[in-house]
S.K.: 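The structure's right below; bear with me while I get my questions together.
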Amino acid sequence: MENPLADNKFVEIELEESTKEKEIYPLRTRRPALGCFVYFRGFLFGRKCQSTARLTGKTVIITGGNAGIGKETALDLASRGAKVIIACRDVQKGYEAVNDICEKVQKPDMVVKRLDLASFASIKNFAQDILENEPHIHILINNAGIAACPQSFTEEGYEMQFGVNHLGHFLLTHLLLDRIKASVPARIINVSSIAHI
């Protein structure tokens with residue numbers, strides 16, 4: 001039997017039958033940089049979600065849904081029929097994001113609420129408002145985050161990046177957890193960043 005590694009051959013790997021796509025991966029390469037690129041290309045460039053699932057009747061909260069990945073996520077969720085609550089520090093930017101989404105999605109069910117993850121008081125006020133006005137929370141997306149910020153501190157005295165990216169989302173999730181559990185099937189999604197590597 002011939003050794004496929006001997007001649008540095010490539011092997012075709014068939015992915016899920018539903019996609020009918022084929023990818024070519026090298027079994028071995030003499031150039032480590034090329035091998036690393038091939039290995040990480042899916043991570044670096046990603047793929048577009050092919051799901052057509054509808055979320056009609058589902059309530060989604062997304063922190064930082066007014067810009068970047070959060071805004072694109074809010075757009076996708078709104079196009080699937082979900083009620084999307086954009087929780088952000090700057091409400092004006094939140095409304096601008098909703099206006100942008102309204103240009104692409106017909107009559108989206110969207111709400112903007114103020115949430116400053118650098119303030120436990122703001123997190124508690126937001127959670128109380130949600131618990132009083134939303135009977136269900138089907139998806140919580142902890143997306144907001146900051147990186148490489150100048151040294152500063154939250155209202156409670158924690159380093160800003162640690163306070164916002166970790167403590168703020170932890171407190172928010174903790175305060176909403178019982179409502180999320182009561183809304184099963186439900187999900188909590190924590191978004192990370194390549195900046196953490």
S.K.: Is there a donor-acceptor contact under 3.5 Å from the side chain of Ser183 to the main chain of Ala186?
M.R.: no

S.K.: Is there a path from Ile69 to Val60 through hydrophobic residues (I, L, V, M, F, W, Y) whose side chains come within less than 4.5 Å of each other?
M.R.: no

S.K.: Does the distance from a Lys or Arg side-chain N to an Asp or Glu carboxylate O, for Arg80 and Asp76, drop under 4.0 Å?
M.R.: yes

S.K.: Between Asp129 and Asn125, does any side-chain donor sit less than 3.5 Å from a side-chain acceptor?
M.R.: no

S.K.: Does CG belonging to Leu171 count more than 12 external heavy atoms closer than 6.0 Å?
M.R.: yes

S.K.: Show the nearest heavy-atom pair for residues Ile146 and Gln161, with the distance to one decimal.
M.R.: O-CG, 3.5 Å

S.K.: Roughly how far apart are Lys93 NZ and Lys71 NZ, rounded to 0.5 Å?
M.R.: 11.0 Å

S.K.: Between Val111 and Asn133, does the side chain to side chain contact (heavy atoms under 4.5 Å, CB included) criterion hold? Intermediate values first, please.
M.R.: CA-CA 12 Å; Val111 177; Asn133 296 301; over 6 Å; no

S.K.: Shortest non-hydrogen contact from Leu115 to Ala87?
M.R.: CD2-CB, 3.7 Å

S.K.: Check the angle between the aromatic planes of Phe170 and His174 and answer parallel, tilted or perpendicular using the 30° and 60° thresholds.
M.R.: parallel

S.K.: Would you compute the distance between atom OG1 of Thr173 and atom CG of Asn190 and round it to the nearest 0.5 angstrom?
M.R.: 6.0 Å

S.K.: With rounding to the nearest 0.5 angstrom, report the OG1 to CG distance, Thr56 to Asp109.
M.R.: 10.5 Å

S.K.: Determine whether more than 12 heavy atoms belonging to other residues, nucleotides or ligands lie under 6.0 Å from atom NZ of Lys113.
M.R.: yes

S.K.: Do Ile85 and Ile62 come within less than 4.5 Å of each other through their side chains, counting heavy atoms only?
M.R.: no

S.K.: Determine whether more than 12 heavy atoms belonging to other residues, nucleotides or ligands lie under 6.0 Å from atom CD of Gln106.
M.R.: no

S.K.: State, to 0.1 Å, how close Gly94 and Cys88 come at their nearest heavy-atom pair, and which atoms those are.
M.R.: CA-SG, 3.8 Å

S.K.: Minimum heavy-atom separation for His169 to Val164, with atom names?
M.R.: ND1-O, 3.7 Å

S.K.: For the OG1 atom of Thr59 and the CD1 atom of Ile130, what is their distance to the nearest 0.5 Å?
M.R.: 9.0 Å

S.K.: Which heavy atom of Thr154 sits nearest to which heavy atom of Gly163, and what is that distance?
M.R.: CG2-CA, 3.8 Å

S.K.: Does Arg179 reach the main-chain N or O of Leu131 with its side chain, forming a donor-acceptor pair under 3.5 Å?
M.R.: yes

S.K.: Heavy-atom count around Tyr158 OH within 6.0 Å, excluding the residue itself: above 12?
M.R.: no

S.K.: Measure the spacing between CE of Met110 and CG of Asn99 and express it to the nearest 0.5 Å.
M.R.: 10.0 Å

S.K.: Would the number of heavy atoms belonging to other residues, nucleotides or ligands and lying under 6.0 Å from CZ of Arg114 be above 12?
M.R.: yes

S.K.: Without swapping roles, check the side chain of Asn66 against the backbone of Tyr95 for a donor-acceptor pair under 3.5 Å.
M.R.: no

S.K.: Within the side chain of Glu156, is there an N or O that forms a donor-acceptor pair under 3.5 Å with the backbone of Ser119?
M.R.: no

S.K.: Test: ring pair (Phe, Tyr, Trp, His ring centres under 6.0 Å). Region: residues 126-157. Which pairs qualify, not counting sequence neighbours?
M.R.: His136-His138

S.K.: Are there more than 12 heavy atoms of other residues, nucleotides or ligands under 6.0 Å from atom CZ of Arg89?
M.R.: no

S.K.: Which residue is it: Ile189, Val191, Leu172? I am looking for the one with a side chain to side chain contact (heavy atoms under 4.5 Å, CB included) to Asn142.
M.R.: Leu172

S.K.: What's the shortest heavy-atom distance between Ala74 and Ile86, and which atoms?
M.R.: CB-CD1, 4.3 Å

S.K.: Atom CG of Leu117 and atom CG of Asn165: how far apart are they, to the nearest 0.5 Å?
M.R.: 8.5 Å

S.K.: Any chance the side chains of Thr73 and Asn143 put a donor and an acceptor closer than 3.5 Å?
M.R.: no

S.K.: Evaluate the side chain to side chain contact (heavy atoms under 4.5 Å, CB included) criterion for residues Ile141 and Ile61: first the C-alpha distance (whole Å), next the side-chain angles of each, then the deciding distance (0.1 Å), finally the verdict.
M.R.: CA-CA 6 Å; Ile141 303 175; Ile61 299 172; over 6 Å; no

